[in-house]
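Bear in mind the structure is a predicted one, so any value in this text is a computation, not a measurement.
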Amino acid sequence: MSEARKKRSLAGVTQLSHQRATAPRAATLVYDVLRDDILSLRRKPMDLLSEKELEAHFGVSRTPIREAILRLCDDGLVDIFPQSGTFVSRIPRRALYEAILVRKALEITTVGHAVDKMTPAGIRLLDRNLDDLGACLRNGEVTAFHRLDIDFHKLISDIAGFSGIWAIIEQVKVHSDRYRLLTLPQDGRLARVIEEHSTVIGCMRKGDKKGAVEAMDLHLGRLLHEVERAEIWDPNYFIEDAKKPMVCTEKKGHFQ
């Protein structure tokens, strides 16, 4: 083989190796951005996810796009319909209810442990979060309010020392995050959330474990009862059956 052909061959191997090495990182980047777009409702239920548009948007090849889509499908955030396309999933009512039920059980346990481990620094962080929520209410910043709401619950897990529990909560709350963003703009809802958070913090400040547990139970329980009792659901955003339209495997599905 000539020296020139060797160089071309080695260049090809090097380029291929580089593509294979960077594909997983690219897929993770695409997954993270799309997941955040879906949870924040920048991409709404039933929005089409065009493979070509995503390739152009992210500047990557088809492979990481498909890997990211499959991961989102496994999360229940994307539906793949053969011969029709790939769409942001609607929020399944049964899965939403179950997610809130699991989260409620975990956070009730966590807040009790957090009371035992409460420090002045922890109280200051919770008070600051409450003040920031109040600022968002006054300014009408719903998206920022939602992120601070999540931070409040994570702070309690951090104080309790249970980062693993919070990781589980993050896995199960994907649908409830979208539901919360859809319902937070309702009149009086932001003020009510602040009041409920304030009650939890007040109990934690006093070392009242029973009160903190009851306050958290009420806070998340209201959301649970709301989902359970609601009779009218916008079909553009919600679906009654939690079953997926197909198995999330590339061999059985096609991306559009």
Kindly say whether L41 contributes a backbone atom to a donor-acceptor pair with the side chain of K44 at under 3.5 angstrom? yes
Linking I/L/V/M/F/W/Y whenever any side-chain heavy atoms sit under 4.5 Å apart, do L125 and I123 land together? yes
Tracing side-chain links under 4.5 Å among I, L, V, M, F, W and Y, which residues wind up in one group with I150? V102, L106, F162, I165, W166, I168, I169, V172
Specify the closest pair of heavy atoms between A215 and V200, including all atoms of both residues, with the distance to one decimal. CB-CG2, 3.6 Å
Under a 4.0 Å N-O cut-off, is there an ion pair linking R90 with D79? no
Does the side chain of R180 come within less than 4.5 Å of D149's, by heavy atoms? yes
Taking only Lys NZ, Arg NE, NH1 and NH2, and the carboxylate oxygens of Asp or Glu, determine whether K154 and D158 approach each other closer than 4.0 Å. yes
Does N139 reach the main-chain N or O of A135 with its side chain, forming a donor-acceptor pair under 3.5 Å? yes
Test: K210 and E214 ion pair at under 4.0 Å: yes
Can you tell me how far apart CD1 (I194) and CG (N129) are? Round to the nearest 0.5 Å. 9.5 Å
Is D36 salt-bridged to R147, cutoff N-O under 4.0 Å? yes
Rounded to the nearest 0.5 Å, how far does SG of C136 lie from CG of L148? 5.0 Å
Give me the atom names and distance for the closest heavy-atom approach of G76 to H175. O-CE1, 3.2 Å
Does the side chain to side chain contact (heavy atoms under 4.5 Å, CB included) test come out yes or no for L34 and L72, once each step is laid out? CA-CA 8 Å; L34 287 179; L72 291 167; 3.7 Å; yes
Locate the shortest heavy-atom distance separating N236 from M46; write the atom from each residue and the value. O-CG, 3.8 Å
Could you tell me the separation between the CZ atom of R222 and the NE2 atom of H219, rounded to the nearest 0.5 Å? 10.0 Å
For the pair F238 and Y179, name the ring-plane relationship: parallel under 30°, tilted 30 to 60°, perpendicular over 60°. perpendicular
CZ of R128: more than 12 outside heavy atoms within 6.0 angstrom? no
Of all heavy-atom pairs linking S61 and I65, the shortest is O-CG1, 3.4 Å
So do L182 and D234 actually touch side chain to side chain, heavy atoms under 4.5 Å? no
Test item: side-chain donor near acceptor, R178 and S89, under 3.5 Å: yes
Does any non-hydrogen side-chain atom of H197 lie less than 4.5 Å from one of R192? no
What heavy-atom pair brings A27 and E67 nearest, and what distance separates the two atoms? CB-OE1, 3.3 Å
So how far is it from R42 CZ to D37 CG, rounded to the nearest 0.5 Å? 4.5 Å
Is L218 reachable from L224 through a run of I, L, V, M, F, W or Y residues, each pair having side-chain heavy atoms under 4.5 Å apart? no
E53 atom CD: more than 12 heavy-atom contacts under 6.0 Å: no
Quick one: are I239 and I91 in side-chain contact, heavy atoms under 4.5 Å? no
Dump the intermediate steps for side chain to side chain contact (heavy atoms under 4.5 Å, CB included) on V78 and I38, then the final yes or no. CA-CA 9 Å; V78 162; I38 293 171; 4.1 Å; yes
Between the CG atom in D151 and the NE2 atom in H146, the distance rounded to the nearest 0.5 Å is 10.0 Å
Determine, step by step, whether F87 and L49 satisfy the side chain to side chain contact (heavy atoms under 4.5 Å, CB included) criterion, reporting the C-alpha distance in whole Å, the side-chain angles of both residues, the deciding distance to 0.1 Å, and the verdict. CA-CA 5 Å; F87 299 85; L49 296 178; over 6 Å; no
From CA spacing to verdict: side chain to side chain contact (heavy atoms under 4.5 Å, CB included), M216, H153: CA-CA 10 Å; M216 185 65 76; H153 292 275; 3.9 Å; yes
For the atom pair OG1 (T86) and CG (L70), what is the distance rounded to the nearest 0.5 Å? 9.0 Å
Under the rule for side chain to side chain donor-acceptor pair (under 3.5 Å), what residues qualify as partners of D47, not counting sequence neighbours? none
Going by an N to O cut-off under 4.0 Å, is there a salt bridge joining E98 and R94? no
Closest heavy-atom pair, V193 versus L184, reported as atoms and distance to 0.1 Å, is CG2-CD2, 4.4 Å
Consider side-chain contact (heavy atoms from CB on, under 4.5 Å). Of M204, K206, R205, which one does V115 pass it with? M204
